[in-house]
There are 2 protein chains.
Amino acid sequence: MPKKRVLPYIILGLLKNNGEMTGAEITAEFENEIGEFWQTTHSQIYPELKRMVADEWVLLEPDAVDKKKKWYHLLPSGQAALAQWLATPLTTTTDDEFPLRLFFLQHRDEPLLQSLITQELTLHRDKLEHLNQRLTTLFSNPQTQIDNYGHHLILKRAIERETNNIHWLESTLQELQA
Amino acid sequence: MPKKRVLPYIILGLLKNNGEMTGAEITAEFENEIGEFWQTTHSQIYPELKRMVADEWVLLEPDAVDKKKKWYHLLPSGQAALAQWLATPLTTTTDDEFPLRLFFLQHRDEPLLQSLITQELTLHRDKLEHLNQRLTTLFSNPQTQIDNYGHHLILKRAIERETNNIHWLESTLQELQA
DNA sequence: AGATACATGTAACCTGTTACATGATTAA
DNA sequence: TTAATCATGTAACAGGTTACATGTATCT
């Protein structure tokens, strides 16, 4: 699966939330909040910021007193890019984008919130169905379960995980609509 | 996090389970069983097999009739390498190795099975504790929950996921010891 | 003034993906 | 006997990690 670039959007999201930030501040975020579901280092962030300046997604403004600091501000086209990313439909191959996107939806009344969860719900329902199908395909014969004990375990685990996931998404969605 | 190389061990595991295989057969496995939790293509597999031949982990034997087919057999040092990999302690940074290793433990009475699950259990208990700590650190103030709705959601989700995971691991372990 | 830490930047490397390419076998 | 497919192999590329490097500010 071709890993989609999300780093620029994370940076955009951070800038939106915080107004203005330096590269070091952005880097620090990946050791705190965001670090839970996405990792990177300054070696990626600085070149990325450079690109984003070139694309006019962000504005660079040197610090007035500290010559080594550089402040980055969100520009309108950057804001637009972020909005577009958040509105892009989720696909199975972008599993780990879900928590990231949620992270940048700060308020309960964000219109995208409900649609995001609905999309994720569909994906996981499909996955669960697929897993159940594999279970019957591979392990309807009880002897196979014994001869491939580990494999059977993982499959059962995956099914339970998806079930739990779906349950949570459903109740969250319900709570959201209340 | 530096991604650990696991492809050679997957290949070793496949060869152990199936006796002898061609590169194409190995490739095919990544579209079926193994594809559920690990992806790759022939472009990685063929060079890897070459390396493994050089390391004397596997033996190459051309097909007697079909000149384009090449059969690979497990050699003792390959078997040893596989055993060593399976015995290596799990770490937090090797999350997705757990299902892979389970996959190659074919029988309920594999001595490594119980220790593997115990290790995974410890890791997830630690993670759950960490997540709970973050929850209190970040969201003890109710207003923060409202101002960072998405973030709060993910964190709650992660906690539920880990709780479910731990529960499954515990009951599996119990079933195993019965 | 010298040492340490801060903020930024770049280079080398490693892994995995996509695309390209070739000889052997099978099908039309 | 040409076309399509199979089995293997390599090259080009993209992403991210580690390591290296430089100027600035702070601390003692």
Side-chain angles (χ1 to χ4, degrees), chain A residues 1-11 14-15 18 20-32 34-35 37-54 58-72 91-97 100, chain B residues 1-11 14-15 18 20-32 34-35 37-54 58-72 91-97 100:
Chain A
M1 40 176 162
K3 267 212 173 173
K4 262 175 71 182
R5 288 180 56 72
V6 296
L7 182 54
Y9 304 105
I10 300 178
I11 295 177
L14 287 171
L15 289 176
N18 299 23
E20 58 171 14
M21 299 178 83
T22 66
E25 282 177 345
I26 293 169
T27 302
E29 288 283 322
F30 287 88
E31 283 148 21
N32 307 324
I34 298 209
F37 29 90
W38 205 269
Q39 277 93 36
T40 190
T41 61
H42 75 273
S43 315
Q44 253 189 299
I45 290 167
Y46 288 116
E48 192 62 58
L49 283 168
K50 210 172 179 180
R51 255 171 265 146
M52 293 168 75
V53 170
V58 297
L59 179 73
L60 187 160
E61 192 181 1
D63 189 281
V65 302
D66 192 335
K67 282 177 188 170
K68 68 178 185 295
K69 280 189 185 175
K70 295 183 180 177
W71 295 94
Y72 293 92
T91 65
T92 347
T93 53
T94 58
D95 245 2
D96 38 7
E97 275 189 35
L100 271 183
Chain B
M1 39 176 164
K3 267 211 174 174
K4 261 175 72 182
R5 290 179 57 71
V6 296
L7 181 56
Y9 303 104
I10 300 178
I11 295 177
L14 287 171
L15 289 176
N18 299 23
E20 59 172 14
M21 301 179 83
T22 67
E25 283 177 345
I26 293 170
T27 302
E29 289 282 324
F30 287 88
E31 282 147 22
N32 308 323
I34 298 211
F37 30 88
W38 205 269
Q39 277 93 36
T40 191
T41 61
H42 74 274
S43 314
Q44 252 191 300
I45 290 168
Y46 287 117
E48 192 63 58
L49 283 168
K50 211 171 178 178
R51 254 170 267 147
M52 291 167 76
V53 169
V58 297
L59 179 72
L60 188 161
E61 191 181 1
D63 190 281
V65 303
D66 192 336
K67 282 178 188 170
K68 68 178 183 297
K69 280 189 185 175
K70 295 182 180 178
W71 295 94
Y72 293 91
T91 65
T92 348
T93 54
T94 59
D95 247 2
D96 37 7
E97 276 189 35
L100 271 182

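Letters go in sequence order (proteins before strands), and every chain restarts at 1. The structure presented is a predicted model; accordingly, all values stated were derived computationally and were not measured.
- Positionally, the nearest nucleotide of DNA chain D for B:Trp71 lies more toward the 5' end than for the other of A:Asp66 and B:Trp71.
- Taking the side chain as every heavy atom from C-beta outward, B:Leu14 and B:Ile34 approach each other to under 4.5 Å.
- In this structure the side chain of B:Tyr72 never reaches within 4.5 angstrom of the side chain of B:Thr22, judged on heavy atoms.
- Proximity of B:Thr40 to B:Glu48: side-chain heavy atoms (C-beta onward) are nowhere separated by under 4.5 Å.
- Put simply, B:Lys70 has a side-chain N or O that comes within less than 4.0 Å of OP1 or OP2 on D:dG9.
- In this structure, the CH2 atom of A:Trp38 is 7 Å from the P atom of D:dG16, given to the nearest Å.
- At the phosphate of D:dG9, neither OP1 nor OP2 sits under 4.0 Å from any side-chain N or O atom of B:Lys68.
- Side-chain atoms of A:Phe37 and A:Leu100, non-hydrogen and from C-beta on, do get closer than 4.5 Å to each other.
- For B:Tyr46 and D:dG9, the shortest distance from a side-chain N or O to OP1 or OP2 is not below 4.0 Å.
- The C1' atoms of five pairs define one axis at each end of the helix from C:dA1-D:dT28 to C:dC13-D:dG16, and these two axes lie 10° apart (to 10°).
- The separation between A:Phe30 atom CZ and D:dG16 atom C1' is 13 Å, rounded to whole Å.
- The interatomic distance linking A:Glu29 (CD) with C:dA7 (C1') rounds to 16 Å, in whole Å.
- Between the side chain of A:Ser43 and the base of C:dA11, no donor-acceptor pair of N or O atoms lies under 3.5 Å.
- Applying the 4.0 Å criterion to OP1 and OP2 of D:dT17, one finds that A:Gln44 has a side-chain N or O inside that range.
- Here CD1 of A:Ile10 is found 6.0 Å from CH2 of A:Trp38. Values are rounded to the nearest 0.5 Å.
- At D:dA7, none of the side-chain N or O atoms of B:Lys67 fall inside 4.0 Å of OP1 or OP2 (strictly under the cut-off).
- In this structure, B:Val6 reaches neither bases nor backbone, as no heavy-atom distance under 4.0 Å exists between it and the strands shown.
- Residue A:Asp63 comes nearest to A:Val65 through the heavy atom pair OD1-N, 2.8 Å, listed as atom of the first residue, atom of the second, then distance.
- Among the heavy atoms of the strands lying under 4.0 Å from B:Thr22 are primed sugar atoms or P, OP1, OP2 only; no base atom is included.
- One can place CD of B:Gln39 at 8 Å from P of C:dT17, the figure rounded to the nearest angstrom.
- The interatomic distance linking A:Asp63 (CG) with D:dG23 (P) rounds to 20 Å, in whole Å.
- Between A:Tyr72 atom OH and C:dA7 atom P there is a gap of 13 Å when expressed in whole angstrom units.
- In this structure, CD1 on B:Ile45 lies 12.0 Å from CD on B:Glu25, to the nearest 0.5 angstrom.
- Between B:Glu25 atom CD and D:dA7 atom C1' there is a gap of 11 Å when expressed in whole angstrom units.
- In this structure, A:His42 and A:Leu7 both approach DNA chain D, and ranking their closest nucleotides by distance from the 5' end singles out A:Leu7.
- Between B:Leu49 and B:Val58, the closest heavy-atom pair is O-CG2, 4.3 Å.
- Between the CD atom of B:Glu48 and the P atom of D:dT10 there is a distance of 14 Å, given to the nearest Å.
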